[in-house]
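Before any comments, here is the structure.
Proteins get letters first, then strands, A, B, ... in listed order; numbering begins at 1 in each. Because only heavy atoms are used, hydrogens play no part in the values below, and waters and symmetry mates are left out as well, while side chains stay in.
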There are 2 protein chains.
Amino acid sequence: MKKILIADDNADLRESIAEVLTEAGFYTETATNGKEAAAKSAETDFDIVLLDMLMPVMKGAEALTEIKKTRPAAKVIVMTAFSTIENAVEIIKKGAADYIVKPFKVEQLLTIVRREIEEAGFEKDILNIDLDRVMNCLSNPIRRNIVKYLHRNKEMRFMELNRELEMDDHTKLVFHLKILREAGISTQDKNKNYMLTREGLRVFQCLTFIENYLSARSD
Amino acid sequence: MKKILIADDNADLRESIAEVLTEAGFYTETATNGKEAAAKSAETDFDIVLLDMLMPVMKGAEALTEIKKTRPAAKVIVMTAFSTIENAVEIIKKGAADYIVKPFKVEQLLTIVRREIEEAGFEKDILNIDLDRVMNCLSNPIRRNIVKYLHRNKEMRFMELNRELEMDDHTKLVFHLKILREAGISTQDKNKNYMLTREGLRVFQCLTFIENYLSARSD
DNA sequence: TTCCGCTGTGAATATTTGTTCACACTTATA
DNA sequence: TATAAGTGTGAACAAATATTCACAGCGGAA
């Protein structure tokens, strides 16, 4: 059962939302301010957090930051009465999954909640990745390079890769390709061309993210 | 010199923006549709891409996706005449750095561009990270766990970590802590508390990104 | 003071990764 | 068909990583 946390200082609204969502088949908890919301979120892994922006003790914006810190995977839907585009942009950049303007109809909220739930499921499923193995693959610069080349060239022959990577001993490349294959990152088609799998593509994207995120480039 | 790509099908607007930005000391190139923008972006590593939403051949939204695929680090500022909150939210979720509504004053645009440049610089500089070492650290599940605990608890004593991780032999933990320290991910204060460095925080963020991005969790 | 838990060192050892080598089968092509 | 380039296997070896063990200083509590 999907778990939803509702944070709003207005008791009426809070309870009525909780009621609706409970009826709709979700497990709900409530919080009356940002601090409480952050604490409950740290404690329980909610799928969705409905967060009012204007609350006492801790504002929603701050709570949002806190929540994302402990639960980066949680989908936070921000509710606000004071709405401008700048505002919305700011909130989404801070990591909110969506933004709903008060007053809203229950139907609207339900639609958004369901969409986010679906998205969360979509993002998580399908892929079959062994994090340990993948990290192992990425820990080796040769393999990181292979992934990059395979992404760039879509598909490559063995010797092509060998030349690009300037490998001295071709069996060394065989070795690394095997590891990538066993980790589900690369495959071969019937013509022996090497290419990334769907998972491999994901891994590549992670890799570029990491490199962008961690590398200091002087400019 | 910071490089900016301006993509808009309106020649007047395009050229006048280019002129202003060039005068302001940026290197500029232009594109007349999304496809061209994506191509130019793939070829050159622009710091900023100004992207109109309504263009022939390839819409801005699609172009945005393409650009982020090859240049996840590029800051894409979306320009649009048709603006609603839903719209803005959607665009930001797709990875745009900012959103500006047409018609806008040149001053506004300059402010936004400068802010994004500054942010990009802030994100890139300073950090001194050895990718190879970091990947090596992350390839070990024990060390990944240490990083997580250190992030969660801000600072921890040795034995505290030891208990949390349920290590059998404490010297094993010493070993891994040493590696993390040498990679610049963790440090100790004068009281021997272990904690993440600034770089370590970054590494933690990468880690959660990776886990979110790659992991399939059954629910 | 004595004892005990916390924090650590260094060396020995075990395990996992990576490299090299000798060899072999396939496919294309001279 | 003979030859060479492309692709691959398995075992031996080398190097890097991880684990274990024996031991020791230090600070606080009994």
Check: protein-nucleotides 15-18 of chain C nitrogen or oxygen pairs below 3.5 Å:
unit_1, atom_1, unit_2, atom_2, d
C:dG18, OP1, A:Asn140, ND2, 3.1
C:dG18, OP1, A:Arg143, NH2, 3.4
C:dG18, OP2, A:Arg143, NH1, 2.9
C:dG18, OP2, A:Arg143, NH2, 3.3

Could you tell me how far apart [X] ([atom1]) and [N] ([atom2]) are, to the nearest whole angstrom?
X: B:Leu165; N: C:dC6; atom1: CG; atom2: C1'; answer: 16 Å
X: B:Met167; N: C:dG8; atom1: CE; atom2: P; answer: 15 Å
X: B:Leu161; N: C:dG8; atom1: CG; atom2: C1'; answer: 15 Å
X: B:Asn162; N: C:dG5; atom1: CG; atom2: C1'; answer: 12 Å
X: B:Glu182; N: D:dT17; atom1: CD; atom2: C1'; answer: 13 Å
X: B:Met156; N: C:dC6; atom1: CE; atom2: C1'; answer: 15 Å

Has the side chain of [X] got a donor or acceptor atom that lies under 3.5 Å from a matching backbone atom of [Y]?
X: B:Ser41; Y: B:Ala37; value: no
X: B:Lys40; Y: B:Ala31; value: no
X: B:Arg143; Y: B:Cys137; value: yes
X: B:Glu160; Y: B:Arg157; value: yes

Next on the checklist: For B:Asp98, is there an ion pair with B:Arg115 - N to carboxylate O distance below 4.0 angstrom?
Outcome noted: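 Looking at B:Arg115 and B:Asp98, the cut-off is met.
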Checklist entry - So among B:Thr111, B:Asp47, B:Ile48, B:Val76, which one has a side chain to side chain contact (heavy atoms under 4.5 Å, CB included) with B:Glu116? => result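 Result for side chain to side chain contact (heavy atoms under 4.5 Å, CB included) with B:Glu116: B:Ile48.
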Item to check | B:Phe46 and its side chain to side chain contact (heavy atoms under 4.5 Å, CB included) partner, picked from B:Glu29, B:Lys75, B:Arg71 | outcome: B:Glu29
Checklist outcome for this item: In B/S/- notation (B base, S sugar-phosphate only, - none; protein heavy atoms under 4.0 Å), nucleotides 5-14 of chain D written 5' to 3' is -SBBB-----
Checklist entry - Using 30° and 60° as the class limits, which term best fits the ring planes of A:Tyr194 and A:Phe158: parallel, tilted or perpendicular? => result tilted
Next on the checklist: Please report the end-to-end axis angle for the helix from C:dT1-D:dA30 to C:dA30-D:dT1, five pairs per end, rounded to 10 degrees.
Outcome noted: 0°
Checklist entry - Going by atom types only, do A:Thr187 and A:Thr197 share a side-chain donor-acceptor pair under 3.5 Å? => result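 The answer is no; no qualifying pair exists.
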Next on the checklist: Does A:Lys93 have more than 12 heavy atoms from other residues, nucleotides or ligands lying within 6.0 Å of its NZ?
Outcome noted: yes
Next on the checklist: Nearest 0.5 angstrom please: A:Leu161 CG to A:Leu173 CG, how far?
Outcome noted: 5.5 Å
